[in-house]
There are 2 protein chains.
Amino acid sequence: MSQSIEQPADGTRDRTPARAVPTSADVARLAGVSRATVSYVLNNTSAVRISEPTRKRVREAAQELGYVPHAAARSLRAGHSRMVLLPAAHVPVGPLYSRFLNDLQWALRRLDYTVVQYGSIGLDPEDAARAWAELRPVAVVSTGEVEVTPAAVDILKRSGVKAVISVGTRPSGGTHSLVLDQPRVGRVAAEHLIATGRRRIGVVVPEEPGLEMFSAPRLEGARTAAGAVGATVVPLPLAYTEESAGELAARWPELGLDAVFGYNDEYAMLLMRALQDAGVDVPGATAVVGADDLLLGRLLRPRLSTVRIDMVLGGELAALVDGAVNGTADPVGGRSLLDSRVIRRESS
Amino acid sequence: MSQSIEQPADGTRDRTPARAVPTSADVARLAGVSRATVSYVLNNTSAVRISEPTRKRVREAAQELGYVPHAAARSLRAGHSRMVLLPAAHVPVGPLYSRFLNDLQWALRRLDYTVVQYGSIGLDPEDAARAWAELRPVAVVSTGEVEVTPAAVDILKRSGVKAVISVGTRPSGGTHSLVLDQPRVGRVAAEHLIATGRRRIGVVVPEEPGLEMFSAPRLEGARTAAGAVGATVVPLPLAYTEESAGELAARWPELGLDAVFGYNDEYAMLLMRALQDAGVDVPGATAVVGADDLLLGRLLRPRLSTVRIDMVLGGELAALVDGAVNGTADPVGGRSLLDSRVIRRESS
DNA sequence: ACGAGTCATTGACACGTGTCACTCACCCGA
DNA sequence: TCGGGTGAGTGACACGTGTCAATGACTCGT
């Protein structure tokens with residue numbers, strides 16, 4: 001793709017020669033009133049009455065100067081902010097998860113929170129927590145990767161954070177934990193394969209770094225399901241390349257597997273194609289199941305069976321955050337939720 | 001997927017009964033020194049010498065109280081922040097673009113910037129700019145969707161923003177614009193199809209909202225390429241569902257197209273499958289080209305031809321931001337760049 | 001013994017805002 | 001005429017930090 005950089009024409013470049021940014025004091029001066037009055041007018045404070053002519057003068061002065069309040073000063077004075085900190089994951093998460101994050105951001109935004117992404121590079125959990133605490137967010141929503149230890153939670157709480165919410169594979173101490181039941185994904189997949197008569201089940205484990213958080217519990221879930229009926233589970237390391245898939249497929253006869261859970265629709269599609277190219281019949285010789293129910297999975301032949309994951313909606317999580325901040329939340333332990341379930345197509 | 005909410009055990013719940021968060025004054029009091037000394041010690045100010053015993057007392061006091069500086073107060077005093085504002089797009093962008101955004105965030109983080117996502121809901125450009133300006137960011141990197149008008153740029157600059165960078169389809173006035181040459185994507189695709197003897201070219205236009213920003217210029221690029229040699233371009237509205245693709249495929253004979261550019265690998269795969277199911281020979285009767293060079297595109301048969309887009313690296317853009325902030329940047333107009341080019345596989 | 005010079009530390013201000021308590025002018029009723 | 005009430009606005013403080021100029025205490029050379 002062609003790209004080009006364009007810099008501002010020199011004419012407009014320094015039309016603003018280091019002019020200081022206007023403050024409410026400047027507005028007050030221009031309007032001929034006190035700074036307090038400016039604050040009252042611009043914030044529409046109802047407890048104080050200001051005459052209409054004065055209001056108008058203030059508004060016009062603010063307009064003319066292009067005055068914009070300073071959020072930091074405001075929240076410093078107020079003693080609290082409406083910032084939600086979102087420790088960012090540096091991993092190539094799937095489309096489902098990234099869509100969830102995007103939705104979450106927008107839902108929070110709609111509730112008038114400011115979302116701050118914050119990647120913590122190579123810091124241990126407590127140092128990361130200290131870095132986060134500097135921003136004095138009102139809530140921290142950790143979406144995995146960065147572990148939130150109890151000590152880290154304590155640091156955050158002590159800095160005024162109202163709610164620490166961790167959405168991950170297991171509950172963290174002292175936080176409102178939203179547990180995404182990853183093992184269940186592997187379990188239902190394995191159960192489905194077993195129900196169709198399979199006994200030696202491969203489970204793809206992506207080699208891409210950062211995905212163990214998801215892949216390990218899924219593998220474990222498959223193991224428990226298999227263990228219950230004496231079936232076998234074999235972990236299959238796989239990189240997201242055609243070569244890696246080809247090599248794995250070449251070893252297929254010696255592995256003696258009659259089914260495989262592909263971790264993902266993407267990895268499953270990759271592997272299924274490699275198997276077919278290697279002459280393995282799907283689903284005759286080996287059944288294949290993915291996860292995420294991507295539309296693209298329906299385009300291959302046979303159509304890919306998959307585990308449909310009903311991810312919690314971004315809006316729901318945002319509401320939980322809001323509730324936790326206000327203290328009104330805590331929809332207690334229950335909150336029985338959507339299942340992940342198998343959608344059988346043709347590959348299994 | 002099963003999910004459950006867990007709230008903190010009541011024992012640890014209010015172990016901190018509204019205890020105020022410690023400030024540097026508290027540290028000073030505990031260490032028996034002045035607040036200034038605390039500031040000097042904790043910031044390792046080199047211009048002032050503090051005795052080693054005192055340093056130790058201060059550090060221990062800070063440690064004991066769990067003191068964490070207040071970023072807002074700090075940047076208020078300093079008069080500037082290191083916050084980069086990233087107006088968030090509420091659209092389901094492709095994996096390529098979202099990966100680019102993720103990289104950008106991490107690269108900025110590595111340069112010690114704080115990345116703030118900010119969705120502006122239904123505001124006109126100037127109101128949005130005012131909302132952004134309240135945060136007093138040092139730079140704003142707009143990635144499309146939200147239009148940055150010259151007036152908006154003025155508002156931002158006036159609030160102290162050092163650099164406004166817009167990465168999009170066309171340069172915006174007064175900003176450092178990074179132009180992603182979307183038309184070129186459509187052009188090279190069309191040129192390739194024409195070179196293989198096709199004359200009536202369909203161009204998929206996704207119906208999903210928010211993608212016009214990409215699809216319109218690509219369509220336009222295809223038009224110019226076709227116009228140069230008297231070929232025809234037909235826009236093809238398509239939703240990302242099997243039904244929509246099926247309907248479009250059913251109308252295929254009457255459209256009389258011998259080639260189609262699918263906007264995307266994903267849309268192209270969807271359409272190609274529908275065409276095949278409708279009995280259209282690919283590439284015999286109709287050639288298909290996608291874009292993004294997704295790995296999954298190589299799994300279908302015939303393998304999908306595609307336009308490989310060498311997106312600017314997140315790290316490069318971050319460096320540009322940093323340079324613009326420091327004023328050292330402006331690698332002037334040139335910066336000749338990577339091309340988007342066709343990778344021919346089997347579908348064309 | 002005394003001025004000069006270094007060392008360690010501190011008091012005070014500024015950053016930009018929100019808000020409480022207070023002042024001032026004015027009007028009304030007795 | 002005077003006390004009290006009301007409407008319109010203001011002075012001053014606090015939020016938590018960084019940093020400059022100033023203050024003592026102490027040492028040293030003559």
Would you mind reading off the distance between [X] atom [atom1] and [N] atom [atom2], rounded to a whole angstrom?
{"X": "A:H70", "N": "D:dT17", "atom1": "NE2", "atom2": "P", "value": "16 Å"}
{"X": "B:L76", "N": "C:dC15", "atom1": "CG", "atom2": "P", "value": "9 Å"}
{"X": "A:L42", "N": "C:dG16", "atom1": "CG", "atom2": "P", "value": "16 Å"}
{"X": "A:R136", "N": "D:dT17", "atom1": "CZ", "atom2": "C1'", "value": "11 Å"}
{"X": "B:N43", "N": "D:dT17", "atom1": "CG", "atom2": "P", "value": "10 Å"}
{"X": "A:I50", "N": "D:dA8", "atom1": "CD1", "atom2": "C1'", "value": "6 Å"}
{"X": "B:R35", "N": "C:dA12", "atom1": "CZ", "atom2": "P", "value": "12 Å"}
{"X": "B:R49", "N": "C:dG5", "atom1": "CZ", "atom2": "C1'", "value": "12 Å"}

Checklist entry - Does the pair B:K157/B:D154 count as a salt bridge with the N-to-O cut at 4.0 Å? => result no
Looking at [X], I'd like to know whether one of its side-chain N or O atoms comes within less than 4.0 Å of OP1 or OP2 on [N].
{"X": "B:S51", "N": "C:dC7", "result": "no"}
{"X": "B:S34", "N": "C:dG11", "result": "no"}
{"X": "A:S24", "N": "C:dT17", "result": "yes"}
{"X": "A:S75", "N": "C:dT17", "result": "no"}
{"X": "B:S39", "N": "D:dT17", "result": "no"}

Item to check | B:A36 side-chain proximity, nearest of C:dG18, D:dT19, D:dG9 | outcome: D:dT19
Item to check | Side-chain-base donor-acceptor pair under 3.5 Å for B:R77 and C:dA14 | outcome: yes
Checklist entry - Can you find a donor-acceptor N/O pair under 3.5 angstrom joining the side chain of A:Y40 to the base of C:dC20? => result yes
Specify the closest pair of heavy atoms between [X] and [Y], including all atoms of both residues, with the distance to one decimal.
{"X": "A:V116", "Y": "B:V115", "result": "CG1-O, 3.5 Å"}
{"X": "B:S120", "Y": "B:W132", "result": "OG-NE1, 2.9 Å"}
{"X": "A:V58", "Y": "A:A31", "result": "CA-CB, 4.0 Å"}

Checklist entry - Base, sugar-phosphate, or nothing for B:V48, non-hydrogen atoms under 4.0 angstrom? => result base
Next on the checklist: Regarding A:T45, tell me which of base, sugar-phosphate or nothing describes its non-hydrogen contacts under 4.0 Å with the strands shown.
Outcome noted: nothing
Next on the checklist: Which residue is it: B:L85, B:L101, B:V167, B:V164? I am looking for the one with a side-chain contact (heavy atoms from CB on, under 4.5 Å) to B:V141.
Outcome noted: B:V167
Checklist outcome for this item: Sorted by position of nearest nucleotide on DNA chain D, 5' first, the leading residue of A:A73 and A:T37 is A:T37
